[in-house]
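Below is one structure, written out as structure tokens; the observations come after it.
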Amino acid sequence: MDKHHTPLANGLLLSAAIIWGFGFVAQRLGMEHMGPHTFNGLRFLLGSLSLLPLIWWFSRSSGLQPSLPLFIGGVATGSLLFIAASLQQVGLQYTTVANAGFITGFYLILVPILGLVIKHKTGLNTWMGAIITLVGLYFLSIKDNFTMGYGDLLQIIGALFWAIHLLTIDHFSHRVNPVQLASLQFFICGLLSFTVALFIEQPTLENITAGWGALVYSGLMSVGLAYTLQVIGQRNAHPSHAAIILSLEAVFAAVGGVLFLNEYLDQRALLGCGLMLAGMLISQIPLPKLKRANT
């Protein structure tokens, strides 16, 4: 890895985290005009199209060709993305942007834990981070009578599917071009979402036009641009540094909720957010191995 490129790479990843964080605000605003599945369908189809110039640019140098593994990977990851994104978008109707951002970030803890099932190794830092994050989740989401809001519950289930989705992408990204895979999975997700919307929602051109700003941000910025920044940034960034920077998405979601939606975080919620962020960061920082002194 070229160390001279690391600051630039980190800057690209931070830009992606900022775009994704404020993307939660756009997702909430978009639903003022259309249903969650209509919004998801359009934003992911738009995001898929936005990656076509990047695919064309890559194909000039490497001659990218469609393949069966790409099709299988696109359908698998796109279907998982549809489930995760649907849970997140529907859940946003019943919880705050801050809660959605931090609870979605819980997938960073779940990825290494689920990885144990497929024989990935994980360290003590993951378990420490998981415990701290769970305590934070308690303060953020569990109410005094030990109940949890419907929206927060959907976000937690969604975090599980985001983690499975990430592990599935990891499996296929070593076999096919990651940008081709991304565009295809966005297309599959968008197609599934819009199909559901046609059955249970009533999308109209008037409503879609009214929410065009949120759609453009979510489709071109959150899906197209931020994904491109992540792909380029992760080439020259340390993996644990990349994960830490991307976890800041939750912080920017909370900031966006306060600035643009007038959301309010009480002391209990702030404590929960702080603990969840600490847990996410700790889970990404490998602990130094203890060496036994020679005697």
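The model shown is predicted, which means the values in this text are computed figures rather than measured ones.
When side chains are defined from C-beta on, L14 counts as touching F252, because their heavy atoms get closer than 4.5 Å. Using a 4.5 Å heavy-atom threshold, the side chains of T195 and F199 count as touching. With a 4.5 Å cut-off on side-chain heavy atoms, L270 and F139 do not count as touching. Under the 4.5 Å side-chain criterion, counting only non-hydrogen atoms from C-beta, L198 is in contact with P203. Looking only at side-chain heavy atoms (C-beta outward), I200 and H37 come within less than 4.5 Å of each other. Inter-residue side-chain proximity for Y217 and L29 is flagged as unmet; no heavy-atom pair is nearer than 4.5 Å. When side chains are defined from C-beta on, F161 counts as touching I157, because their heavy atoms get closer than 4.5 Å.
Within 6.0 Å of the CZ atom in F187, the count of heavy atoms belonging to other residues, nucleotides or ligands does not exceed 12.
Within the structure, salt bridge (Lys or Arg N to Asp or Glu O under 4.0 Å) contacts touching residues 200-215 (residues at least two apart or in different chains) do not occur. Residue pairs meeting the ring-ring contact (aromatic ring centres under 6.0 Å, His included) criterion with at least one member in residues 73-99, sequence neighbours excluded: Y94-Y150. For residues 178-192, no pair satisfies salt bridge (Lys or Arg N to Asp or Glu O under 4.0 Å), with sequence neighbours left out.
For the atom pair CG (L215) and CG (L45), the distance works out to 10.5 Å, reported to the nearest 0.5 Å. L70 contributes atom CG, which lies 6.5 Å from atom CG of L181 (distance to the nearest 0.5 angstrom). For the atom pair CD1 of I164 and CD1 of I169, the computed distance is 12.5 Å after rounding to the nearest 0.5 Å. Rounded to the nearest 0.5 angstrom, W127 CH2 and I282 CD1 are separated by 15.5 Å. The distance from atom CD of Q180 to atom OG of S67, rounded to the nearest 0.5 Å, is 7.0 Å. Atom CG of N10 is separated from atom CD1 of I244 by 10.0 Å, given to the nearest 0.5 angstrom.
Of all the heavy atoms in C273 and F102, the pair that sits closest is O-CE2, 3.3 Å. Residues S247 and L108 come closest through the heavy atom pair CB-CD1, 3.2 Å. What you find for L275 and I132 is that their closest heavy atoms are O-CG2, 3.3 Å. Heavy atoms only, all atoms of each residue included: A254 and L265 are closest at CB-CD1, 4.4 Å. The two residues G219 and L46 have their closest heavy-atom pair at CA-CD2, 4.0 Å. For the residue pair G23 and S222, the shortest heavy atom distance occurs at CA-OG, 3.7 Å.
L140 and F24 end up in the same hydrophobic cluster when Ile, Leu, Val, Met, Phe, Trp and Tyr side chains are linked at under 4.5 Å. There is a path of hydrophobic side-chain contacts, each under 4.5 Å, that joins F71 to L81. Cluster annotation: I131 and M276 are assigned to distinct hydrophobic clusters (Ile/Leu/Val/Met/Phe/Trp/Tyr, side-chain heavy-atom contacts under 4.5 Å, transitive). Under the 4.5 Å side-chain heavy-atom criterion for ILVMFWY residues, a single connected hydrophobic cluster contains both I18 and L248. A continuous path of hydrophobic side-chain contacts links L137 to L154 [ILVMFWY only; heavy atoms under 4.5 Å].
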(request) Could you walk me through whether V97 and L92 pass side chain to side chain contact (heavy atoms under 4.5 Å, CB included), step by step? (result) CA-CA 7 Å; V97 164; L92 263 170; 4.2 Å; yes
(message) Using the rule given for side chain to side chain contact (heavy atoms under 4.5 Å, CB included), can you reason through L160 versus I156, listing the C-alpha separation, both sets of side-chain angles and the distance that settles it, and then say yes or no?
(response) CA-CA 7 Å; L160 175 64; I156 289 173; over 6 Å; no
(request) Verify side chain to side chain contact (heavy atoms under 4.5 Å, CB included) between H33 and I208, making sure each step is shown before the conclusion. (result) CA-CA 7 Å; H33 306 284; I208 292 169; over 6 Å; no
(message) With side chain to side chain contact (heavy atoms under 4.5 Å, CB included) as the criterion, how do F172 and Q185 come out once you've worked through the C-alpha distance, each side chain's angles and the decisive distance to 0.1 Å?
(response) CA-CA 12 Å; F172 284 103; Q185 70 159 341; over 6 Å; no
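A cation-pi arrangement is absent between R43 and F186, since the terminal nitrogen or guanidinium carbon is not both under 6.0 Å from the aromatic centre and inside a 45° cone about the axis.
Of the N and O atoms on the side chains of S193 and N40, not one donor lies less than 3.5 Å from an acceptor on the other residue.
The backbone N or O of Q88 sits less than 3.5 Å from a side-chain atom of Q155, completing a donor-acceptor pair. The backbone N or O of A16 lies less than 3.5 Å from no partner atom in the side chain of Y227, so there is not a single donor-acceptor pair. Formation of a donor-acceptor pair under 3.5 Å by the T133 side chain with backbone atoms of G129 is found in this model. Side-chain N or O atoms of S48 include one that pairs as donor or acceptor with a backbone N or O of S183 at under 3.5 Å. At distances below 3.5 Å, at least one donor-acceptor pair connects side-chain atoms of S283 with backbone N or O atoms of M280. Side-chain N or O atoms of Q89 include one that pairs as donor or acceptor with a backbone N or O of Q27 at under 3.5 Å. A side-chain donor-acceptor contact under 3.5 Å links S50 to the backbone of G47.
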